[in-house]
**Student:** 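I have a structure here, written as structure tokens, and I will follow up with some questions on it.
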Amino acid sequence: MNSGPLAVRIEDLRKCFGPLEVLRGLHLEVARGEVLCIVGPSGSGKSTLLRCIAFLEEDFGGRIYLEGELLGFVERNGRLQRVKGSALRRVRSKVGMVFQQFNLWPHKTVLENIVEAPIRVKGLSRSEAVLGAEDLLKKVGLLEKRDEYPSRLSGGQQQRVAISRALAMRPQIMLFDEVTSALDPELVNEVLIVMKKLAEEGMTMLVVTHEMGFARQVADRVIFIDHGVIVEEGAPEVIFTHPKRERTQHFLSLVRHEEL
């Protein structure tokens, strides 16, 4: 793991859906600028972990700190009190999240999809928001699509717009939840290229992925999650080449050799 200040610190994170315990006392630290890839079988709690960090799942146990600030609560006299309104929005604004599905507004153009939140949430002027959106579209190679509607774009292009929309809020931490899983195989690489550029620029990234080749190439660290706990973690060359845990070995044996 990278040394230095922490972007994310998670203590004893627990999350249940009814009687099902999805996260079971998970502890995790992520350094600023670190790229952490999270792998594991379906239903192991990977996506729920990201959703808790983004505070899309609010009813969880334990503590999550983003850039040193406690997410969702404030501690007074040794007791946690829930925060709301601007105090909560300020901490949540540290995080941007990109999902499996693109979730673009179909009735708005690419540009309108990107500028909406910076104008409404951050209070940017339209001209400032448009300039920022155009810079982001250049970055992902889609400036010429600024006035198109999502239905006119390929899946890979829509996902790149979704990444741009998240970046438009100027987050310090980016969460990616299986962002290539809904794409045709030939479109996957164009999204991964954008993510690699972000990694090279020093963005803190937590990436849930089945793209093991991407994880091996880009991650600073890989964690393997199963049944809501971290089974094993380490540098990608260690996890993918010499995993120590039998459960990790079995999972990776199911991955095609060429993906590694």
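For this chain, numbers begin at 1 and follow the sequence in order.
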**Student:** With sequence neighbours left out, write down each residue that passes salt bridge (Lys or Arg N to Asp or Glu O under 4.0 Å) with Arg82, or none if nothing qualifies.
**Tutor:**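 Partners of Arg82 by the salt bridge (Lys or Arg N to Asp or Glu O under 4.0 Å) criterion, ordered by chain and then number, come out as Glu58.
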**Student:** Any chance you could measure Leu36, atom CG, to Phe176, atom CZ, to the nearest 0.5 Å?
**Tutor:**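 If I round to the nearest 0.5 Å, the distance is 13.0 Å.
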**Student:** Can you tell me how far CD1 of Ile230 sits from NE2 of His27, rounded to the nearest 0.5 angstrom?
**Tutor:**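 The NE2 atom of His27 sits 9.0 Å away from the CD1 atom of Ile230.
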**Student:** Taking the inter-plane angle between the rings of Phe73 and Phe55 on a 0 to 90° scale, is it parallel (under 30°), tilted (30 to 60°) or perpendicular (over 60°)?
**Tutor:**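 Because their plane-to-plane angle is over 60°, the rings of Phe73 and Phe55 count as perpendicular.
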**Student:** Tell me yes or no: between the side chains of Glu178 and His210, is some donor less than 3.5 Å from an acceptor?
**Tutor:**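 Looking only at side-chain atoms, His210 and Glu178 do form a donor-acceptor pair, the distance falling under 3.5 Å.
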**Student:** Under a single-linkage definition using a 4.5 Å side-chain heavy-atom cutoff for Ile, Leu, Val, Met, Phe, Trp and Tyr, are Leu50 and Leu56 assigned to the same hydrophobic cluster?
**Tutor:**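 In one cluster with Leu50: Leu56, yes.
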**Student:** Mind listing the closest non-hydrogen atom pair of Ala219 and Cys37 along with its distance?
**Tutor:**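 Between these two residues, the closest heavy atoms are CB-SG, 3.7 Å.
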**Student:** Got Met174 and Val95 here, is their nearest side-chain heavy-atom distance under 4.5 Å?
**Tutor:**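 Contact flag for Met174/Val95 side chains = no.
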**Student:** Kindly check if the number of other-residue, nucleotide or ligand heavy atoms within 6.0 Å of CD (Gln81) is above 12?
**Tutor:**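 It does: Gln81 CD has more than 12 such atoms within range.
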**Student:** Does some side-chain heavy atom of His250 sit less than 4.5 Å from a side-chain heavy atom of Arg247?
**Tutor:**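 Sidechains of His250 and Arg247: in contact.
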**Student:** At what distance, to the nearest 0.5 angstrom, does CD1 of Ile163 lie from CE of Met97?
**Tutor:**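 Rounded to the nearest 0.5 Å, the CD1-CE separation comes out at 13.0 Å.
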**Student:** With a 4.5 Å cut-off on side-chain heavy atoms, are Val207 and Ile38 touching?
**Tutor:**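 The answer is no, as the side chains (C-beta and beyond) never meet within the 4.5 Å cut-off.
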**Student:** Taking the side chain as C-beta and beyond, is there a heavy-atom pair between Tyr149 and His107 under 4.5 Å?
**Tutor:**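 SC-SC contact between Tyr149 and His107 ruled out.
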**Student:** Do you know which two heavy atoms are closest between Cys52 and Leu71, and how far apart they sit?
**Tutor:**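 Shortest heavy-atom contact: O-CD2, 3.5 Å.
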**Student:** Please round to the nearest 0.5 Å and tell me the distance separating atom CZ of Arg170 and atom CG of Leu136.
**Tutor:**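 These two atoms lie 9.0 Å from each other.
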**Student:** Should Arg51 and Phe99 count as side-chain neighbours, where that means a heavy-atom distance under 4.5 Å?
**Tutor:**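 With C-beta onward as the side chain, the pair touches.
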**Student:** Could Glu69 and Arg90 be called an ion pair, given the rule that one side-chain N must be under 4.0 Å from one carboxylate O?
**Tutor:**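 A salt bridge links Glu69 with Arg90.
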**Student:** Which pair of heavy atoms, one from Arg165 and one from Phe102, lies closest together, and at what distance?
**Tutor:**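 Heavy atoms only, the tightest pair is NH2-O, 3.2 Å.
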**Student:** Do Val222 and Leu252 belong together in a cluster built from hydrophobic side chains that touch within less than 4.5 Å?
**Tutor:**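 They do share one cluster, since a chain of ILVMFWY contacts under 4.5 Å joins Val222 to Leu252.
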**Student:** Going only through I, L, V, M, F, W and Y residues with side-chain contacts under 4.5 Å, is there a path from Leu167 to Val110?
**Tutor:**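 Yes, Leu167 connects to Val110 through the hydrophobic network.
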**Student:** I'd like to know if Glu67 and Lys94 make a salt bridge, using a cut-off of under 4.0 Å between side-chain N and carboxylate O.
**Tutor:**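 A salt bridge is absent here (no side-chain N lies under 4.0 Å from a carboxylate O).
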**Student:** Show the numbers, then the answer: is there a side-chain hydrogen bond (donor to acceptor under 3.5 Å, both in side chains) between Asp226 and Ser44?
**Tutor:** CA-CA 5 Å; Asp226 191 28; Ser44 59; 5.4 Å; no
**Student:** Are Ile64 and Leu70 connected in a single hydrophobic cluster, I mean Ile/Leu/Val/Met/Phe/Trp/Tyr linked by side-chain heavy atoms less than 4.5 Å apart?
**Tutor:**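 No; Ile64 is not reachable from Leu70 via cluster members.
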**Student:** If we count only N and O atoms by modelled type, under 3.5 Å, do the side chains of Thr109 and Asp147 hold a donor and an acceptor together?
**Tutor:**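 Looking only at side-chain atoms, Asp147 and Thr109 do not form any donor-acceptor pair under 3.5 Å.
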**Student:** Does Glu112 pair with Arg146 as a salt bridge, N-O distance under 4.0 Å?
**Tutor:**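 Salt bridge between Glu112 and Arg146, a charged N being under 4.0 Å from a carboxylate O: no.
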**Student:** Assess whether a salt bridge exists between Glu237 and Arg216, defined as any Lys/Arg side-chain N lying under 4.0 Å from an Asp/Glu carboxylate O.
**Tutor:**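 Salt bridge between Glu237 and Arg216, a charged N being under 4.0 Å from a carboxylate O: no.
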**Student:** With side chains defined as the heavy atoms from C-beta onward, is the minimum distance between Leu49 and Leu26 less than 4.5 Å?
**Tutor:**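 Yes, side chains in contact.
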**Student:** Any carboxylate oxygen within less than 4.0 angstrom of a Lys/Arg side-chain nitrogen, looking at Lys139 and Glu134?
**Tutor:**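 Looking at Glu134 together with Lys139, the answer is no, because their closest N to O distance does not fall below 4.0 Å.
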**Student:** Should the pair Glu232-Lys244 be classified as a salt bridge under the 4.0 Å nitrogen-to-oxygen rule?
**Tutor:**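 The answer is no: the pair does not qualify as a salt bridge.
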**Student:** Taking the six-membered ring of Tyr65 (Phe, Tyr or Trp), confirm whether the NZ or CZ of Arg9 is under 6.0 Å from its centre and within 45° of its axis.
**Tutor:**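 Yes.
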**Student:** Locate the shortest heavy-atom distance separating Pro171 from Gly96; write the atom from each residue and the value.
**Tutor:**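 Of all heavy-atom pairs spanning Pro171 and Gly96, the closest is CB-N, 3.4 Å.
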**Student:** Going only through I, L, V, M, F, W and Y residues with side-chain contacts under 4.5 Å, is there a path from Val161 to Val121?
**Tutor:**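 No, separate clusters.
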**Student:** List the atom pairs, with distances to 0.1 Å, where a side-chain N or O of residues 185-193 and a protein N or O form a donor-acceptor pair under 3.5 Å, not counting sequence neighbours.
**Tutor:**
residue: Glu190; atom: OE2; partner: Gln157; partner atom: N; Å: 3.3
residue: Glu190; atom: OE2; partner: Arg160; partner atom: NH2; Å: 3.0

**Student:** Working to the nearest 0.5 Å, report the span between CG of Leu131 and CZ of Arg126.
**Tutor:**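 Reported value, rounded in 0.5 Å steps: 11.0 Å.
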**Student:** Out of curiosity, Met203 CE to Glu34 CD, how far, rounded to the nearest 0.5 Å?
**Tutor:**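 If we round to the nearest 0.5 Å, Met203:CE and Glu34:CD are 14.5 Å apart.
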**Student:** Considering only NZ, NE, NH1 and NH2 on the basic side and carboxylate oxygens on the acidic side, decide whether Glu201 and Lys197 come within less than 4.0 Å.
**Tutor:**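 Salt bridge between Glu201 and Lys197, a charged N being under 4.0 Å from a carboxylate O: no.
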**Student:** Determine whether Val8 and Glu29 make a side-chain contact, defined as any pair of heavy atoms from C-beta on separated by less than 4.5 Å.
**Tutor:**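 Val8 vs Glu29: side chains apart.
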**Student:** Of the non-hydrogen atoms in Ala182 and Gln101, which two are nearest, and what is the gap between them?
**Tutor:**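 That closest heavy-atom pairing would be CB-NE2, 4.0 Å.
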**Student:** Quick one: closest heavy-atom pair of Asp177 and Ser47, and the distance?
**Tutor:**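 Here Asp177 and Ser47 meet closest at OD1-OG, 2.8 Å.
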**Student:** Glu75 vs Arg63, test: salt bridge (charged side-chain N to carboxylate O under 4.0 Å, His left out). Steps then yes/no.
**Tutor:** CA-CA 11 Å; Glu75 187 170 1; Arg63 301 185 181 197; 3.0 Å; yes
